[in-house]
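Starting from 1, each residue takes its place in the sequence as its number. Please read all numbers here as calculations on a predicted model, not as lab measurements.
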Amino acid sequence: MSEEKVTQDPTLEEEQVAKDADQAEATEMNWEQEAAHWKAQAEDHQNRMLRAMADMDNLRRRVRKEQEDLAKYASLKIVEELLPVLDNFERALAADKESMTVDSLLEGVNMVYRQMVQVFDKEGLAAIEAKGKPFDPHIHQAVMQTQNPEFESGVVVAELQKGYMFKDRVVRPAMVQVNE
């Protein structure tokens, strides 16, 4: 058997080394490009997050301001509706005292009272009915007791001060006298 000696051509070897170097350089460039791509994407996400956080802060401030304004001006509607009542009271006070009679004054006061009651009714304020009703500690405040044979035990005999409900909430309980 003869041994053949394989010899390699030095130019082939150099070409192979050059190819390997080119591939390494290309791979390195690919890694650098990919790293640059991911870095740019991370910066973009960072900027978006910062903008979103700023938008959230602005939204919180705007909502807080709107809530403060809403609380500040919540009574505006009812004040506007009560202005004509105030105007009528001012007219009554400015009326000629010489020509005014008790009856005309009383009629004017009744008209203004009805106007005010209409405004309150429209807004949801209602008087609590008490006399002749069973005592309810949620809407009545018992300040006196009495023994009246005309009423059953635990029934309101007299209303000493009107109570009021605003929609479904007690604004002021009715002060009442209750039968024992």
Side-chain angles (χ1 to χ4, degrees), residues 41-180:
Q41 196 170 9
E43 287 174 4
D44 181 51
H45 288 284
Q46 175 76 14
N47 288 335
R48 286 182 184 197
M49 182 192 68
L50 291 174
R51 274 189 246 117
M53 288 173 62
D55 287 345
M56 241 353 230
D57 285 343
N58 291 338
L59 179 64
R60 275 191 211 108
R61 270 190 235 109
R62 188 170 48 248
V63 167
R64 188 178 322 117
K65 173 89 169 93
E66 287 173 1
Q67 287 174 341
E68 288 171 0
D69 286 349
L70 184 63
K72 185 177 179 179
Y73 297 109
S75 305
L76 182 63
K77 182 180 175 191
I78 191 135
V79 167
E80 287 174 343
E81 290 183 18
L82 285 173
L83 283 176
V85 176
L86 182 63
D87 292 340
N88 286 336
F89 272 126
E90 288 174 348
R91 284 187 199 100
L93 291 172
D96 184 19
K97 311 300 187 251
E98 307 284 321
S99 64
M100 188 181 300
T101 64
V102 173
D103 287 341
S104 66
L105 179 64
L106 188 58
E107 183 182 335
V109 169
N110 276 328
M111 287 171 51
V112 173
Y113 173 77
R114 284 193 306 273
Q115 187 180 18
M116 185 176 285
V117 168
Q118 284 176 346
V119 169
F120 285 136
D121 283 345
K122 183 178 173 186
E123 290 301 314
L125 186 73
I128 296 172
E129 291 189 35
K131 190 172 180 181
K133 303 286 182 185
F135 175 75
D136 181 353
H138 297 102
I139 60 173
H140 302 129
Q141 180 181 358
V143 292
M144 297 173 67
Q145 286 187 332
T146 188
Q147 289 185 339
N148 188 332
E150 294 178 22
F151 292 94
E152 294 180 24
S153 177
V155 172
V156 174
V157 175
E159 181 178 63
L160 306 173
Q161 184 181 41
K162 273 188 175 185
Y164 292 95
M165 301 265 305
F166 180 67
K167 299 183 179 172
D168 61 345
R169 196 174 269 177
V170 175
V171 175
R172 179 176 77 188
M175 278 192 207
V176 296
Q177 182 180 29
V178 181
N179 200 27
E180 292 181 339

Item to complete: Starting at CG of Leu125, measure out to CE of Met165 and round the result to the nearest 0.5 Å.
Response: 10.0 Å
Response to the item:
Here the gap from Asn58 atom CG to Arg51 atom CZ, rounded to the nearest 0.5 Å, amounts to 13.5 Å
Practice prompt. Could you give me the CA-CA distance, side-chain angles and deciding distance for Val157 and Met144, then say whether side-chain contact (heavy atoms from CB on, under 4.5 Å) is met?
Written response: CA-CA 10 Å; Val157 175; Met144 297 173 67; over 6 Å; no
Response to the item:
dist His140:NE2 -> Lys133:NZ (nearest 0.5 Å) comes out at 9.0 Å
Worksheet item: Quick check: are there more than 12 heavy atoms from other residues, nucleotides or ligands sitting under 6.0 Å from CD of Gln161?
Response: yes
Worksheet item: How far does CD of Gln141 sit from CZ of Phe135, to the nearest 0.5 angstrom?
Response: 8.5 Å
Fill in: Pair Asn88-Gln115, side-chain contact (heavy atoms from CB on, under 4.5 Å): steps then yes or no
CA-CA 10 Å; Asn88 286 336; Gln115 187 180 18; 2.5 Å; yes
Item to complete: Please tell me if the side chains of Val119 and Met116 come closer than 4.5 Å, counting only heavy atoms from C-beta onward.
Response: no
Worksheet item: Considering all heavy atoms of both residues, which atom of Ala130 and which atom of Val156 are nearest to each other, and what is their separation?
Response: O-CB, 3.2 Å
Discussion item. How long is the straight-line distance from CE of Met53 back to CG of Asp55, given to the nearest 0.5 Å?
Written reply: 11.0 Å
Worksheet entry | Pairwise side-chain contact, Glu150 with Asn179, heavy-atom cut-off 4.5 Å (strictly under) | no
Item to complete: Return the minimal non-hydrogen interatomic distance between Tyr164 and Ile128, and the atom names on each side.
Response: N-CD1, 3.7 Å
Give every donor-acceptor pair under 3.5 Å between a side-chain atom in residues 67-80 and any protein atom, sequence neighbours left out.
{"unit_1": "Asp69", "atom_1": "OD1", "unit_2": "Lys65", "atom_2": "NZ", "d": "3.3"}
{"unit_1": "Asp69", "atom_1": "OD2", "unit_2": "Lys65", "atom_2": "NZ", "d": "3.3"}

Practice prompt. Apply side-chain contact (heavy atoms from CB on, under 4.5 Å) to the pair Arg62 and Leu59, showing each step before the final yes or no.
Written response: CA-CA 5 Å; Arg62 188 170 48 248; Leu59 179 64; 3.5 Å; yes
Discussion item. Would you say CE of Met100 has more than 12 non-hydrogen atoms from neighbouring residues, nucleotides or ligands within 6.0 angstrom?
Written reply: yes
Worksheet item: Hey, mind stepping through Leu93 and Glu90 against side-chain contact (heavy atoms from CB on, under 4.5 Å) and telling me if it holds?
Response: CA-CA 5 Å; Leu93 291 172; Glu90 288 174 348; 5.6 Å; no
Discussion item. How close do Gln177 and Gln145 get, counting heavy atoms only, and between which atoms?
Written reply: NE2-O, 4.3 Å
Discussion item. Within the 4.5 Å heavy-atom criterion, are Val170 and His138 side-chain neighbours or not?
Written reply: no
Worksheet, complete the sentence: For Gly132 and Phe151, the nearest pair of non-hydrogen atoms, with its separation, is CA-CE2, 4.2 Å
Fill in: Asp168, CG: over 12 other non-hydrogen atoms inside 6.0 angstrom
no
Discussion item. Working to the nearest 0.5 angstrom, can you tell me the gap between Glu159 CD and Lys131 NZ?
Written reply: 9.5 Å
Worksheet entry | Other residues, nucleotides, ligands: >12 heavy atoms within 6.0 Å of Phe166 CZ | yes
Fill in: Sequence-distant partners of Lys162, salt bridge (charged side-chain N to carboxylate O under 4.0 Å, His left out), two or more places apart
none
